[in-house]
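Remarks on the structure that follows.
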There are 2 protein chains.
Amino acid sequence: MKLAIYGYGNIGKGVELAAKQNPDVTVTGVYTRRDPSSVKTLTGLPVYAADEILSHKSEIDVVVICGGSATDLPDMTPMLAEQFCVVDSFDTHAKIPQHFARVDDAAKRGGNTALICGGWDPGMFSLNRLYAQAILPDGKDYTFWGRGVSQGHSDAIRRIEGVVDARQYTVPIPEALEAVRSGKQPELTTRQKHRRECYVVAAEGADRAKIEQAIKTMPNYFDEYDTTVHFISLEELQRDHKELPHGGVVLRSGKTGLNGEHTHTIEYHLTLDSNPEFTSGVLVALARAVDRLHRRGELGCKTIFDIAPADLSPLSGEALRKNLL
Amino acid sequence: MKLAIYGYGNIGKGVELAAKQNPDVTVTGVYTRRDPSSVKTLTGLPVYAADEILSHKSEIDVVVICGGSATDLPDMTPMLAEQFCVVDSFDTHAKIPQHFARVDDAAKRGGNTALICGGWDPGMFSLNRLYAQAILPDGKDYTFWGRGVSQGHSDAIRRIEGVVDARQYTVPIPEALEAVRSGKQPELTTRQKHRRECYVVAAEGADRAKIEQAIKTMPNYFDEYDTTVHFISLEELQRDHKELPHGGVVLRSGKTGLNGEHTHTIEYHLTLDSNPEFTSGVLVALARAVDRLHRRGELGCKTIFDIAPADLSPLSGEALRKNLL
């Protein structure tokens, strides 16, 4: 399978590395909106200008679109889906239905197969919510995120006056997790589920008390959480907080029996040293499925819910049944 | 969807209860090889003789076959798959390829859809092995079972002379689990992963030392494990060990990055108060998928690997994308 990487940030680099772990996958090119001569890839892939991609059509089975959900993907994915089979990692939950509709139209018009919302949330976490609800209809779902870096929250801190750089960790609260695991199906507030830990580099002479106050009272991002703020030097930030770890837990606790006398918990737990590299692993497996669906004539927009698990694997049905079932 | 339950043991009862939690599912009859008048169901379902099932064809969309893997399913599933859409929970790992081939032939001959090996292992555990391998190709899998009752091991103890009844618990060893979670990818022996805990009721006057020795040295079942044997009274067994809890963990630990510098762990964890009731929840969701595949003309034998997750859910694609993705 021949992949194109469209956009070369953290996810683009992750896809480059993930493809190397899959012998059936080759990346034929990286497409960037920057000056291609200014971009050096980790493994020496050819780099082209984004607007050249149409002239490389014969070298591409699936385009993995590695743009941001806020401003890039809403236009990029429908545009590319008209010309190519595509995969994206769109993650603005509230806008999924409209993104789906636009990509579905475009892919069908072009005779292509598209998959949106690949990754782990949305993605593998969504999948585990679906499976768990289907198995245990009488139950309650919980999702915990972290411990991990939230890019959105880190960005929000950086926009505060006097902040040079920042890193925000989302931290699940162990007592809440234990209460859920016990099968008690607790009602938990936002504050009871997660806390937020901020590492902030302040400009020289900046008012630290004011910055801390601005963070802790920021609506939606921080005001509903217990938040701690640590001021550190730029050197410390670069030394101790350069990685992008993340993860989390999807739990469902459900009842069965004649009178609901039996409790079950299903728990899916990710611990990730690198959020973008793990996400990229999911995207490459999904690209394999998209290529297979397209060869079978299954066109239009899909999500991970529509993909038979066997289509994610390089192994044959026979090998899967013999070795993994 | 109209289900028939074929065989009324622990799983048959579980399917009866699981169907009640799914508003789109009705059980139209229980089919038994015993005298139907001797069988009372938990919720008052009609009970028929197994060999009458063909005369009820119009009342059945899918037959959930609730027999044993050792002697029932190898013949029962192909026989029924020629006449009906079917689901079974065949779990003899080594014989899956030949069971698949026979059921596939029969289902195709009859124009039906069949699904074998439903449940949690094989089943949900298999699925998690597949997903995790597809996402993290460079890694290592681990499966731990328990703490839970192994029916096979309990039966093996019951066959020893002087044993009235017995219950065997498979117990994962916490240190082994922690070593795997740490990302170290340890090599673990059978003895390092699980221990076995036996509760045995001995006949009056039986030689307990001899029974204990017979258990601990039994090839395949116990000789490779650290095994503890507790002699208890029949009353204690019936009071403290009447439930069938089970569960376990599927873990994959994998590396990504330019030089494998990032470690990730994916963990799927089940804690089940009732093994047969949870298994039945999986079977009913799979029966829903089988019915949908059949209506779309997708015939022959399938496994959980071939089922798009959306087909397990009563919700529409639109509702799934809006609420669970």
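Below, chain A is the first sequence line, B the second, and so on; all start at residue 1.
Here the OG1-CZ distance, from A:T271 to B:R181, works out to 9.0 Å after rounding to the nearest 0.5 Å. The structure places CG of A:L325 at 13.5 Å from CZ of B:F125, a figure rounded to the nearest 0.5 Å. Atom CD of B:E261 is separated from atom OG of A:S274 by 8.5 Å, given to the nearest 0.5 angstrom.
Only the backbone of A:I307 comes within contact range of chain B, with heavy atoms under 4.5 Å apart. Contact annotation for A:F278: both backbone and side-chain heavy atoms come within less than 4.5 Å of a heavy atom of chain B. Only the side chain of A:T43 comes within contact range of chain B, judged by heavy atoms closer than 4.5 Å. Residue A:K95: no heavy atom, backbone or side chain, is found under 4.5 Å from chain B. Proximity to chain A involves both the backbone and the side chain of B:L324, based on heavy atoms less than 4.5 angstrom apart. Of the two parts of A:Y268, the backbone and the side chain both hold a non-hydrogen atom closer than 4.5 Å to a non-hydrogen atom of chain B. No part of A:N323 comes within reach of chain B, as not one of its non-hydrogen atoms sits under 4.5 angstrom from that chain. Heavy atoms closer than 4.5 Å to chain B are found in the side chain of A:L17, but not in its backbone. Of the two parts of B:Q133, only the side chain, counted from C-beta on, holds a non-hydrogen atom closer than 4.5 Å to a non-hydrogen atom of chain A. Neither the backbone nor the side chain of B:K302 has a heavy atom closer than 4.5 Å to any heavy atom of chain A.
Of all non-hydrogen atoms in A:Q21 and B:T256, the two that sit nearest each other are NE2-CA, 3.9 Å. Across all non-hydrogen atoms, the minimal contact from B:G257 to A:E277 is N-OE1, 3.1 Å.
When each of B:D306, B:N128, B:L127 is checked for heavy-atom pairs under 4.5 Å with chain A, B:L127 comes out on top. Of the listed residues A:K20, A:K13, A:E318, A:M124, the one with more heavy-atom pairs under 4.5 angstrom with chain B than any other is A:M124. Among the candidates B:P122, B:P245, B:P309, the residue making the largest number of heavy-atom pairs closer than 4.5 Å to chain A is B:P309.
Just one of B:L286, B:V284, B:L312, B:V282 meets the side chain to side chain contact (heavy atoms under 4.5 Å, CB included) condition when paired with A:I135; it is B:V282.
If you check the side chains of A:E243 and B:H262, you find a donor sitting under 3.5 Å from an acceptor.
Residue-environment remark: NZ (B:K140) exceeds the threshold of 12 foreign heavy atoms within 6.0 Å.
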